[in-house]
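Structure first, then comments.
For ligands, and for the atoms within them, numbers begin at 1 and follow the listed sequence. The analysis underlying the following values was restricted to heavy atoms, covering all of them including side chains, and did not include hydrogens, waters or symmetry mates. Small disclaimer: the values here were computed from a predicted structure and weren't measured.
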Amino acid sequence: MNYSRRDILKLIGLGTLSLGGGVALSGCLPTAKSGSTPVLAEEWRRGVCRFCGTGCGVMIGLRDQKVVEVKGDELAHNRGMLCVKGSLLPEILKLPGRLQYPMIRKNETLERVSWDEAMTLVAERFEAVLRKQGPKAVAFYGSGQLFTEESYTANKLFKAGLRSNNVDGNPRLCMASAAFGYVKTFGKDEPMGCYEDIEHATCFFLIGANSYECHPVLFERILLRRRQNRQVKIIVVDPRRTKTASYADHFIQPLPGTDLLLLNAMAHVMLEDGLIDQAFIGEHCRFQGNDGPTNLEGFRLFLQDYSPEKVAPEMGIAPSQIREIAYLFARSKATMSLWTMGLNQRTQGVYLNTMMNSLHLITGQICRPGATPLSLTGQGNACGGVRDTGSLAHLLPAGRLIKKPKHRAEVEKLWKLPKGTISPEPGYHAMELFKAMGDGRVGCALIMASNPMQTLPDLTAVRERVKKCFTIVAEPFEDARTLEIADVVLPAALWVEKEGVYGQTERRYQLLEKLVDPPGEARSDLDILIDLAKRLKLDRIITAHSPEAVWKEWIDFSAGSKYDFSGITRDRLKEERGLQWPCPTVDHPGTKRRFVGGDDPLVTPGKKVEFYGNKDKKAVIFLRPYHPAPERPTKKFPLLLTTGRVLEQWHSGTITDKIKELSNASGRGKVEINLQDAHRYGIKMGTRVKVVSAFGALTLNAVVTDTPKAGVLFVAFFDAKRLINQVVAPHYDAISKQPEFKVTAVRIEKV
Ligand SMILES: Nc1nc2c(c(=O)[nH]1)N[C@H]1C(S)=C(S)[C@@H](COP(=O)(O)OP(=O)(O)OC[C@H]3O[C@@H](n4cnc5c(=O)[nH]c(N)nc54)[C@H](O)[C@@H]3O)O[C@H]1N2
Ligand SMILES: Nc1nc2c(c(=O)[nH]1)N[C@H]1C(S)=C(S)[C@@H](COP(=O)(O)OP(=O)(O)OC[C@H]3O[C@@H](n4cnc5c(=O)[nH]c(N)nc54)[C@H](O)[C@@H]3O)O[C@H]1N2
Ligand code: SF4
Ligand SMILES: [Mo]
């Protein structure tokens, strides 16, 4: 797979690829159909892409015990399609800079040691801190990129074994607002819809999602749907005219941080103009105001303040645009909403998520093929690995909460623990954890499959603070910025160098088998956790010692819960292209649409729709007042910085920035500035500018473009040598604790 830069640009260019006689419409490669790749593989095995939450099935070609090529799995949900990152998967196992052996920091430098020496020290430090400060002083920071078995084991080791609820991870930066949104509305987390809804929808509402670059295979599917049916409309809401927006039938370009005005105004129009589904609301919903229960009339009164005319000026858009999309959303045969970080990474992230659910409920655009709210998951295993297993500081497995005595008792029984083992106090969420690591409250922390010293907000302060804590980092690459704060480094296996299960956006679990050996002495995260459990004399709690055994324990645990996937056995995962839960028995085919009778086995027989996550089986419509983001343009900081991603790079770039073809195509980190602003500040293409906020500063080259709205700057966060998170503000949502990566007030200075 030797793509030149020109090839990559061509591949991601528009309409240049052949797809089963047709044309690929976005940044995807129809690799399964590609005839140009020479066939090298001796053997083909099934797997899953390690990158985004789309969770594409891949066929992995092996030769001489090495991965030599991949192609999209034609029988998986992605139907043979892969994006550029997926197509280059074989490269990720050949990258330079792999950590080969454990290291311990001695006199400032990391020095090679044996696994035994490293793990002895790790166990000693955990024990010492536990003895001195108790369970609240130890912590685990994990990832939506660990396998389910790994997150489950870490969660159990800490919450049951060490009695510490300090288990959190990067999904806090990513999915927390969406998870809270689902729980608030429907009583349980995880989307109800599925990818197949794309083939039924007639209106797509994409808000705060740049799917062309971040979920390319799904976006491709949306474009194909529109090509086949001219009635289909795409609405995009984004402060930047992204590649995604360039395909929109209706593009709304608000100022960052103002979306709740838009969603409330859409609801206002729907109620005033009779676009709602009274029968559906009456049967399946109840209303909740800030001071207690209310009703449709209460909702109508609340929305009086949100007429399009009132809110449009603050958003920087026209009132007619709001009316237009409110009608489209409500009147289309089937409306599917897709959203990601533009809504989640916001101080009103949970409000925005519940409001998205509410728009579907009041219009009855829900629980029918094509009609569904679908929050897109970022990482490949944030849903299956972290949300389902409850690996966050306030959660317990399968939709349970630490603060509920009944839930703790259930988990104690399932894990065969003495009553009262699980601490009733939620642990530190990510933002608090990294404070606690700095002020002595947390003395020993294990970080796995995340690179927080590049990806947390308010990095200038955080990087200085955390040096105090004894930190262990399990990581495959020697240049990950988090290694700078590590006292112990553990070399980790990557992707198909180990075995495990991924669970993606549409509740589908898929298996990845181990196909090659990791380099040097690198080990899987599961092996590291099991070793640690043994050394801490907790092997009576961590009894499952292989991915297969952990999976068996986990599916048995899920039996009878609202997350029931006890029918998703390892054997079935080996045979089938993933399975969607609920799936309570081995002969159950899995559930495409949750809460829908005839499809979801947990719905009472005879019912068409049942929101069984809540006791009264109703979904909740909340009245959500808009508050401006804490960061607003001021005289000193007149612009708004928003941050995010580019197609070719994955997060902190530890993997993708080493793949020449990808890093060439993306270029270095830079600041996008609107033509108007550039003119005002005398900035040209390539001018060196310093982006300054109240929290930090960073110098970058400018790119003058019409992508961001006037007054808005954009910087992607992949570049390890240009840490934009030094500039990003520390604010977070009061409910989900998810940081507001998308809105920071800044100024620019020419350098
Ligand atoms: N290529 C690539 N793909 C990825 C990833 C990656 O690193 N690289 N990461 C994966 C992960 S973990 C995630 S979470 C997803 C993220 O997927 P996305 O959320 O689609 O990606 P982002 O670039 O973070 O942000 C999306 C858009 O939100 C817009 N935005 C900013 N502020 C606002 C606002 O106030 N309102 C609205 N409506 N929009 C706003 C930005 O301009 C941006 O275009 O991508 C996944 N896929
Ligand atoms: N400014 C800004 N910052 C953001 C965001 C944003 O939109 N704007 N988005 C946030 C979001 S949504 C997310 S999800 C986070 C992502 O933040 P991170 O998870 O911190 O970013 P990654 O680069 O994916 O870090 C994963 C690390 O794990 C390593 N790794 C890969 N595979 C394995 C494995 O199998 N085992 C182990 N032990 N290590 C492995 C990688 O080399 C890498 O160092 O970033 C957040 N930060
Ligand atoms: S869309 Fe996501 S899962 Fe699919 S190939 Fe691309 S990065 Fe991998
Ligand atoms: Mo994410």
Side-chain angles (χ1 to χ4, degrees), residues 27-29 48-56 58 72 78 81-87 89 143-147 150 169-171 173-175 207-211 213-220 237-240 242 244-245 252 254-259 262 339-346 352 376-380 382 447-457 473-477 480-482 490 492-495 497-498 504 524-525 528 629 640 642-656 707-708 712 714-718 724-725 728 739 741-743:
C28 297
L29 288 172
V48 184
C49 174
R50 75 136 338 268
F51 294 109
C52 88
T54 303
C56 292
V58 290
N78 49 307
M81 296 292 295
L82 296 176
C83 77
V84 281
K85 291 182 298 306
S87 310
L89 278 166
S143 170
Q145 296 167 64
L146 286 170
F147 286 138
E150 295 169 338
N170 61 16
L173 316 179
C174 179
M175 303 315 306
I207 176 164
N210 183 9
S211 311
E213 303 203 55
C214 296
H215 296 89
V217 167
L218 291 179
F219 192 63
E220 176 76 25
V237 184
D238 197 303
R240 296 189 304 136
T242 56
T244 310
I252 312 261
L255 279 168
T258 59
D259 302 76
L262 176 73
W339 69 93
T340 321
M341 293 307 118
L343 293 194
N344 291 358
Q345 291 173 339
R346 300 277 299 282
L352 285 159
L376 290 172
T377 312
Q379 300 173 86
I447 298 175
M448 259 180 181
S450 183
N451 193 6
M453 289 308 110
Q454 181 167 345
T455 55
L456 286 172
V473 181
E475 165 66 48
F477 293 102
R481 297 294 305 254
T482 304
L490 304 173
L494 178 75
W495 192 43
E497 294 166 357
K498 56 182 182 172
Q504 38 82 311
S524 79
D525 297 284
I528 294 171
L640 289 179
T642 195
T643 60
R645 297 160 167 79
V646 293
L647 172 66
E648 305 85 356
Q649 295 281 1
W650 179 255
H651 295 163
S652 65
T654 55
I655 300 171
T656 44
T707 308
V712 178
F714 175 80
V715 181
F717 68 99
F718 68 84
I724 189 58
N725 285 9
V728 172
F741 287 109
K742 297 292 188 246
V743 197

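- Within ligand 3, counting atoms from 1 as listed, the ones closer than 4.0 Å to a heavy atom of Gly86 are 5 (S).
- Considering backbone and side-chain atoms together, Asp525 places an N or O closer than 3.5 Å to an N or O of ligand 2.
- Ligand 1 has at least one atom lying under 4.0 Å from a heavy atom of Val646.
- Contacts between Thr455 and ligand 2 below 4.0 angstrom, taking non-hydrogen atoms only, involve backbone and side chain alike.
- Per-residue contacts place Thr642 under 4.0 angstrom from the following atoms of ligand 1 (heavy atoms of the residue considered): 31 (C), 32 (N).
- Remark: minimum distance from atom 40 (C) of ligand 2 to any protein heavy atom is reached at Pro476 CD, 3.3 Å.
- Ligand-side atoms of ligand 3 in range of Gly55: 3 (S), range being under 4.0 angstrom from any heavy atom.
- Between the side chain of Gln454 and the backbone N or O of Phe717, at least one donor-acceptor pair lies under 3.5 Å.
- Atom 1 (N) of ligand 2 has as its closest protein heavy atom Asn725 OD1, 2.5 Å.
- Inclusion of Ser211 in the set of residues having an N or O under 3.5 Å from an N or O of ligand 1 is not warranted.
- When the heavy atoms of Pro239, Pro256, Gly257, Cys174 are ranked by distance to atom 14 (S) of ligand 1, first place goes to Cys174.
- Considering backbone and side-chain atoms together, Ala474 places an N or O closer than 3.5 Å to an N or O of ligand 2.
- For atom 2 (C) of ligand 2, the nearest non-hydrogen atom of the protein is Phe741 CD2, 3.2 Å.
- Set against the non-hydrogen atoms of Leu647, the atoms of ligand 1 under 4.0 Å away are 1 (N).
- Scanning the protein for heavy atoms near atom 11 (C) of ligand 2, the closest one is Arg645 NH2, 3.2 Å.
- The Ala209 neighbourhood of ligand 1 comprises atoms 20 (O), with distances under 4.0 Å to a heavy atom of that residue.
- Under 4.0 angstrom from ligand 2, the non-hydrogen atoms of Ala449 come from both its backbone and its side chain.
- Heavy-atom contacts of Trp650 reach the following atoms of ligand 2: 24 (O) (cutoff under 4.0 Å).
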Could you go through the side chain to side chain contact (heavy atoms under 4.5 Å, CB included) check for Lys742 and Leu640 one step at a time?
-> CA-CA 9 Å; Lys742 297 292 188 246; Leu640 289 179; over 6 Å; no
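- Atom 4 (Fe) of ligand 3 has as its closest protein heavy atom Cys56 SG, 2.3 Å.
- Both the backbone and the side chain of Leu173 come within 4.0 Å of ligand 2, judged by heavy-atom distances.
- Annotation: the span from Phe741 atom CZ to Asn725 atom CG amounts to 5.5 Å, rounded to 0.5 Å.
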side-chain hydrogen bond (donor to acceptor under 3.5 Å, both in side chains) assessment of Trp650 paired with Gln145 | CA-CA 12 Å; Trp650 179 255; Gln145 296 167 64; 3.1 Å; yes
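- Residue Thr242 has at least one heavy-atom neighbour below 4.0 Å for each of these atoms of ligand 1: 44 (O).
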Would Thr656 and Phe51 satisfy side chain to side chain contact (heavy atoms under 4.5 Å, CB included), going step by step from the backbone distance to the final call?
-> CA-CA 10 Å; Thr656 44; Phe51 294 109; 4.2 Å; yes
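- Protein heavy atom at the shortest distance from atom 46 (C) of ligand 1 is Gly378 O, 3.6 Å.
- Atom 2 (Fe) of ligand 3 has no N, O or S atom of His215 closer than 2.8 Å.
- Atoms of ligand 3 lying under 4.0 Å from at least one heavy atom of Lys85, given by number and element, are 7 (S).
- Distance from atom 41 (C) of ligand 2 to its nearest protein heavy atom, with residue and atom name: Thr654 OG1, 3.3 Å.
- Contacts of Gln379 with ligand 2, taken as heavy-atom pairs under 4.0 Å, involve the side chain alone.
- With a 4.0 Å heavy-atom cut-off, ligand 2 is reached by the backbone of Asn451 and by its side chain too.
- With a 4.0 Å cut-off on non-hydrogen atoms, Ala493 touches ligand 2 through its backbone and not its side chain.
- Atom 4 (Fe) of ligand 3 lies at 2.8 Å or more from every N, O or S atom belonging to Cys52.
- Ligand 3 places these atoms under 4.0 Å from at least one heavy atom of Pro216: 1 (S).
- Scanning all protein heavy atoms for the shortest distance to atom 35 (O) of ligand 2 gives Lys498 NZ, 2.9 Å.
- Residue-ligand proximity, Cys52 to ligand 1, at heavy-atom distances under 4.0 Å covers atoms 47 (N).
- Atoms of ligand 1 found under 4.0 Å from any heavy atom of Glu213 (numbered from 1 in listed order, with element): 1 (N), 2 (C), 3 (N).
- Of all the heavy atoms of Asn210, the ones lying under 4.0 Å from any atom of ligand 1 are found in both the backbone and the side chain.
- Look at Lys85 and you'll find a heavy atom under 4.0 Å from some atom of ligand 1.
- Set against the non-hydrogen atoms of Ile207, the atoms of ligand 1 under 4.0 Å away are 38 (N).
- Applying the 4.0 Å criterion to heavy atoms of Asp238 picks out, from ligand 1, the atoms 27 (C), 28 (O), 29 (C), 41 (C), 42 (O), 43 (C), 44 (O).
- For ligand 3, the atoms lying closer than 4.0 Å to a non-hydrogen atom of Cys49 are 3 (S), 5 (S), 7 (S), 8 (Fe).
- Among all non-hydrogen protein atoms, the one lying nearest atom 6 (C) of ligand 2 is Phe717 CE2, 3.4 Å.
- When only non-hydrogen protein atoms are considered, atom 31 (C) of ligand 2 lies nearest to Arg50 NH2, 3.4 Å.
- Atoms of ligand 3 lying under 4.0 Å from at least one heavy atom of Phe51, given by number and element, are 7 (S).
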